[in-house]
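The sequence lines fix the lettering, A, B, ..., with proteins before strands; numbering per chain opens at 1. Side-chain atoms are counted along with the backbone in the values below, which use heavy atoms only and exclude waters and symmetry mates.
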There are 2 protein chains.
Amino acid sequence: MIEPAADAPATAPADAAHGADAGINATTKAPTASRPRKTRSDKQRNRAHILEVAEEFFTEQGAASSLDAIAKRAGIGPGTLYRHFPTREALLAALLEARDEELTARRDAIVAEETDSARALERWLDALDTWASAFNGLPDPLRDALTTETSPLAMTCQGYVTTTDQFLAAAQRDGRAQPWVRGRELFLSVLATAWVRGAALADEASAQSLRAILRSGWALPD
Amino acid sequence: MIEPAADAPATAPADAAHGADAGINATTKAPTASRPRKTRSDKQRNRAHILEVAEEFFTEQGAASSLDAIAKRAGIGPGTLYRHFPTREALLAALLEARDEELTARRDAIVAEETDSARALERWLDALDTWASAFNGLPDPLRDALTTETSPLAMTCQGYVTTTDQFLAAAQRDGRAQPWVRGRELFLSVLATAWVRGAALADEASAQSLRAILRSGWALPD
DNA sequence: TAAGATTAAGGAGGTAGTCTCCGATTTGTC
DNA sequence: GACAAATCGGAGACTACCTCCTTAATCTTA
């Protein structure tokens, strides 16, 4: 049996909090401490549009695309882009958040369908590989996030490391994975293979082979 | 027995050709077609100094250091630096050339000392790992070189891939390495582990573990 | 719905890095 | 020592990142 699940990597609702908290300070008419305004509509519109355009750019030209160019194609000034997403990592995190749902779904599907714990871990690593290969050059910021602590990507990565740990623990319990391996390293190894793929634009063969090497590296026979 | 060796990755002598070819066109006194001049001394001096300073910078700040900053500390203009080394890769290649001798020596030592072909391959991969970790951020240009064909680093890499292939072939003959692995992928996997190490400035534990995963990945028991 | 308050947009511009071109300088040769 | 060729130096064109401050859009209230 397998049992990772229970705590997903937490898809934060981005911006909640407006409405439902009026009337608290209605006693005084002080101009300060008034009820917070509704978020301006153009802000949300811009945010959404930036994300669309960034997805395009990153897909076509990799995760290191020029942010100014993204702003220009989105028809906004650079200041607006940076106000919404102070760093490249923040922008990437927002884009990956959209993929979070899919990855979580794959995780749940694996848990539900797979009875072989080693096979389950393998499928999960496959899913992670696809995720980390969303954009060319994505492995680099992901790797950095894993050691930076204070990155918008850090939380996301940490969640997936935890999930990896759970799949791995199950496989280890069944004697199907090397006992000395840790989830963090498997996660890093997935990033590393995705990084290798990023080189060639078409060294798929090498990436495949590397995955196989890693597979036979963490696995135990039977 | 092991038998890689024979053809080293070819340490090009950089600039030969001066002297020993005079008198050929001595028949006419035509101002054209005269004997080529000796290389100017300041050129060699500058080249050497650039290499010293670049070694410093790359060691301290990684392989992505500012080239203009290197030129400035070397007391020359950027144009001079770019004339000597048109690209960052050319500069890196020149620096790595200095390490070529050491790596070749390690290869020869392994060939001479090691009777266990799997152990020999392992030691060679260790040597490569040290080589690829000479500067922070070095794995990236090395990876690119492996698929660019027309990079000053490409030849160097290709030579080491060949050496890896030879050690690997020996191990495979002895049934000590997975038969489906190729030298290119092992080389890439070394780069990948070096790349992982580059993240943390100190995630040595993960890098070690990744090496172990790879080790048990390509190896066959007994 | 118009005035006032506030939030957000826009974009000029400071900083930094890459790389090139050409006038000035150094060096080798006779 | 003078000439010619090779090399240097660095201004500056280009691109990218990111910030600040002025202007414009939107929300609120009457």
Side-chain angles (χ1 to χ4, degrees), chain A residues 15 17-19 21-23 25-26 28-50 53-54 57-58 61-92 137 141, chain B residues 15 17-19 21-23 25-26 28-50 53-54 57-58 61-92 137 141:
Chain A
D15 58 333
H18 56 89
D21 61 335
N25 261 345
T28 69
K29 64 172 189 184
T32 55
S34 62
R35 165 178 27 176
R37 275 195 171 189
K38 194 202 300 183
T39 320
R40 264 172 63 168
S41 59
D42 53 347
K43 185 179 188 181
Q44 301 181 16
R45 207 180 328 125
N46 275 330
R47 187 187 143 93
H49 192 213
I50 291 170
V53 174
F57 261 79
F58 287 162
Q61 312 182 26
S65 311
S66 159
L67 297 185
D68 275 22
I70 291 175
K72 182 171 280 184
R73 193 190 287 181
I76 61 174
T80 302
L81 189 151
Y82 282 97
R83 197 172 314 104
H84 281 280
F85 306 103
T87 63
R88 184 184 300 276
E89 288 69 44
L91 182 50
L92 284 170
Chain B
D15 58 334
H18 58 88
D21 61 334
N25 263 343
T28 69
K29 62 172 190 184
T32 55
S34 62
R35 166 177 26 175
R37 275 194 173 190
K38 194 202 303 182
T39 317
R40 268 171 60 166
S41 59
D42 52 347
K43 186 180 188 181
Q44 301 181 15
R45 207 181 327 124
N46 275 330
R47 186 187 145 94
H49 192 213
I50 290 171
V53 175
F57 261 79
F58 287 163
Q61 313 182 24
S65 310
S66 159
L67 298 184
D68 274 24
I70 291 174
K72 182 171 282 184
R73 194 190 287 181
I76 60 173
T80 303
L81 189 150
Y82 282 96
R83 197 172 315 103
H84 281 280
F85 306 102
T87 63
R88 183 183 300 275
E89 289 69 42
L91 181 51
L92 283 171

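- DNA chain C forms stems at C:1-30 with D:1-30, each a run of 3 or more consecutive Watson-Crick or G-U wobble pairs whose two key distances fall under 3.5 Å.
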Please enumerate all protein N or O atoms sitting under 3.5 Å from an N or O of nucleotides 9-13 of chain D, with distances to 0.1 Å.
residue : atom : partner : partner atom : Å
D:dG9   : OP2  : B:T80   : OG1          : 3.3
D:dG9   : O6   : B:R83   : NH2          : 3.1
D:dG10  : O6   : B:G79   : N            : 3.3

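- Legend: residues meeting side chain to side chain contact (heavy atoms under 4.5 Å, CB included) with A:R83, ordered by chain and number and at least two apart, are A:T80.
- Following rounding to the nearest Å, B:L67 (CG) and C:dA16 (P) show an atom-to-atom distance of 17 Å.
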For residues 61-77 of chain A, which side-chain N or O atoms pair as donor and acceptor with protein atoms under 3.5 Å away, sequence neighbours left out?
residue : atom : partner : partner atom : Å
A:S65   : OG   : A:F57   : O            : 3.4
A:S65   : OG   : A:G62   : O            : 2.5
A:S66   : OG   : A:D68   : N            : 3.4
A:S66   : OG   : A:A69   : N            : 3.0
A:R73   : NH1  : A:E56   : OE1          : 2.5

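- The residue B:S65 sits close only to the backbone: its heavy atoms come under 4.0 Å of sugar-phosphate atoms, none of a base.
- Rounded to a whole Å, the CG atom of A:L81 is 13 Å from the C1' atom of D:dA16.
- Atom NE2 of B:H49 sits about 12.0 Å away from atom NE2 of B:H84, to the nearest 0.5 Å.
- At C:dA9, one or more side-chain N or O atoms of A:H84 fall inside 4.0 Å of OP1 or OP2 (strictly under the cut-off).
- Summarising the geometry, the separation between CD1 on B:I50 and C1' on D:dC8 is reported as 11 Å, rounded to the nearest angstrom.
- The nearest whole Å value for the distance from the CD atom in B:E89 to the C1' atom in C:dC19 is 13 Å.
- In this structure, A:H49 places its NE2 atom 17 Å from C1' of C:dA8, rounding to the nearest Å.
- Counting to the nearest Å, the C1' atom of C:dA16 and the CD1 atom of B:I70 are 15 Å from each other.
- Within the model, atoms CD of B:E89 and CG of B:L92 stand 6.5 Å from one another, a figure rounded to the nearest 0.5 Å.
- Listed by chain and number, the residues in a ring pair (Phe, Tyr, Trp, His ring centres under 6.0 Å) with B:Y82 amount to none (sequence neighbours excluded).
- Contact between the side-chain N/O atoms of A:R88 and the OP1/OP2 oxygens of D:dA16 is not found at any separation under 4.0 Å.
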Inset, instruction - Give the B/S/- string for nucleotides 23-30 of chain C, one per nucleotide from 5' to 3', where a protein heavy atom under 4.0 Å of the base yields B, of only the sugar-phosphate yields S, and otherwise -. - result: ---BBBSS
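- If you take CD of B:Q61 and C1' of C:dG17, they are 13 Å apart, rounded to a whole angstrom.
- Between the NZ atom of B:K72 and the C1' atom of C:dA16 there is a distance of 11 Å, rounded to whole Å.
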